[in-house]
Amino acid sequence: MSDVKQSSELFELAKDAMNKAYVPYSRFHVGAAILTAGGKIYSGCNVENAAYPEGTCAEAGAIASMVLGGDTLIKDIYVIGKGEELVTPCGGCRQKIREFSSVDTMIHICGAEGVRKSLTMNELLPFSFGPENLE
């Protein structure tokens, strides 16, 4: 599969996930899609509950699905939300993405029109703390 086709597929999966988000309290829809180093694809959406803000972020849902699927290395992650501003991963999700990233992992921040900005893990979370810090 070409990189362009794969990028388009991941964007569409993230967008579809965003549209399925369960957000009755914030009404702020977010979706995420992950491409693993092994070529598998996973997605997730944000899910809120009545004990707001104790919900689950889209990135966390996609990562949980990835781990359940037996994968642990993110090659690319696409994150999409509505609005004019960049919808970047929250601090907790940046750390979750970091846990399953390499120096080559790319984070693509999307809007309705497509990818707005692409960042490396080090650009998204500089001087991060990761598994190697515990060795």
Side-chain angles (χ1 to χ4, degrees):
M1 181 181 301
S2 75
D3 286 344
V4 171
K5 184 175 178 187
Q6 199 164 54
S7 294
S8 177
E9 179 184 2
L10 287 159
F11 170 75
E12 290 299 326
L13 282 170
K15 189 163 113 177
D16 185 51
M18 175 187 68
N19 289 327
K20 293 178 179 171
Y22 178 76
V23 290
Y25 307 103
S26 73
R27 294 181 176 42
F28 192 76
H29 295 74
V30 180
I34 290 172
L35 172 66
T36 67
K40 291 184 186 172
I41 294 174
Y42 301 93
S43 61
C45 63
N46 56 326
V47 178
E48 298 175 348
N49 65 68
Y52 182 76
E54 292 299 319
T56 304
C57 296
E59 302 91 328
I63 289 169
S65 182
M66 176 188 75
V67 171
L68 180 62
D71 289 292
T72 57
L73 184 56
I74 299 169
K75 180 178 184 287
D76 292 276
I77 182 167
Y78 287 67
V79 179
I80 184 171
K82 296 180 180 177
E84 296 301 314
E85 300 297 322
L86 293 178
V87 178
T88 60
C90 71
C93 285
R94 290 175 191 219
Q95 189 64 45
K96 288 174 183 74
I97 294 166
R98 169 61 174 88
E99 184 71 18
F100 300 100
S101 293
S102 73
V103 296
D104 298 321
T105 297
M106 293 297 299
I107 298 89
H108 306 281
I109 310 305
C110 307
E113 72 285 359
V115 175
R116 291 179 172 172
K117 188 167 187 71
S118 294
L119 304 159
T120 65
M121 188 67 242
N122 286 339
E123 290 172 322
L124 183 68
L125 190 61
F127 307 106
S128 65
F129 184 89
E132 66 279 354
N133 292 99
L134 297 174
E135 294 176 355

Taking all non-hydrogen atoms of both residues, which atom of [X] and which atom of [Y] are closest, and how far apart?
X: Ser43; Y: Ala17; result: CB-CB, 4.4 Å
X: Ala14; Y: Ile80; result: O-CG2, 3.4 Å
X: Met121; Y: Ser102; result: CB-O, 4.2 Å
X: Pro131; Y: Glu99; result: CG-OE2, 3.6 Å
X: Phe11; Y: Gly111; result: CE1-O, 3.3 Å
X: Leu13; Y: Ala33; result: CB-CB, 4.1 Å

Residues joined to Tyr25 in its hydrophobic cluster, side chain to side chain under 4.5 Å directly or through other members, sorted by chain and number, are Tyr52
Under the ring-ring contact (aromatic ring centres under 6.0 Å, His included) rule, what pairs show up with a residue in residues 102-135, not counting sequence neighbours? Tyr78-His108
Of all pairs that satisfy ring-ring contact (aromatic ring centres under 6.0 Å, His included), the ones with a partner from residues 82-103, not counting sequence neighbours: none
Could you tell me if the side chain of [Y] sits less than 4.5 Å from the side chain of [X], heavy atoms only?
X: Pro89; Y: Ile109; answer: yes
X: Tyr22; Y: Val47; answer: yes
X: Val115; Y: Ser7; answer: no
X: Leu10; Y: Ile41; answer: yes
X: Ile77; Y: Ile34; answer: yes

Is there a donor-acceptor pair under 3.5 Å between the side chain of [X] and the backbone N or O of [Y]?
X: Asp76; Y: Leu35; value: no
X: Thr105; Y: Ile74; value: yes
X: Ser65; Y: Gly61; value: no

Filter on salt bridge (charged side-chain N to carboxylate O under 4.0 Å, His left out), then keep only pairs touching [range], sequence neighbours left out; what's left?
range: residues 45-69; answer: none
range: residues 105-128; answer: Glu113-Arg116
range: residues 24-37; answer: none

Could you go step by step and tell me if Lys15 and Met18 meet the side chain to side chain contact (heavy atoms under 4.5 Å, CB included) rule? CA-CA 5 Å; Lys15 189 163 113 177; Met18 175 187 68; 4.2 Å; yes
For His29, enumerate each residue passing the ring-ring contact (aromatic ring centres under 6.0 Å, His included) test, keeping only those at least two apart in sequence or located in another chain. none
How long is the straight-line distance from CG of Leu124 back to OG of Ser101, given to the nearest 0.5 Å? 8.5 Å
Rounded to the nearest 0.5 Å, the OG atom of Ser26 sits from the CG atom of Asn46 at a distance of 6.0 Å
Residues forming a side chain to side chain donor-acceptor pair (under 3.5 Å) with [X], sequence neighbours excluded:
X: Lys20; answer: Asp16
X: Arg98; answer: Ser128, Glu132
X: Thr88; answer: Arg94
X: Thr72; answer: none

hydrophobic_cluster_shared for Leu86 and Val30, side chain cutoff 4.5 Å: yes
Salt bridge (charged side-chain N to carboxylate O under 4.0 Å, His left out) involving Asp104 - partner list, sequence neighbours excluded: none
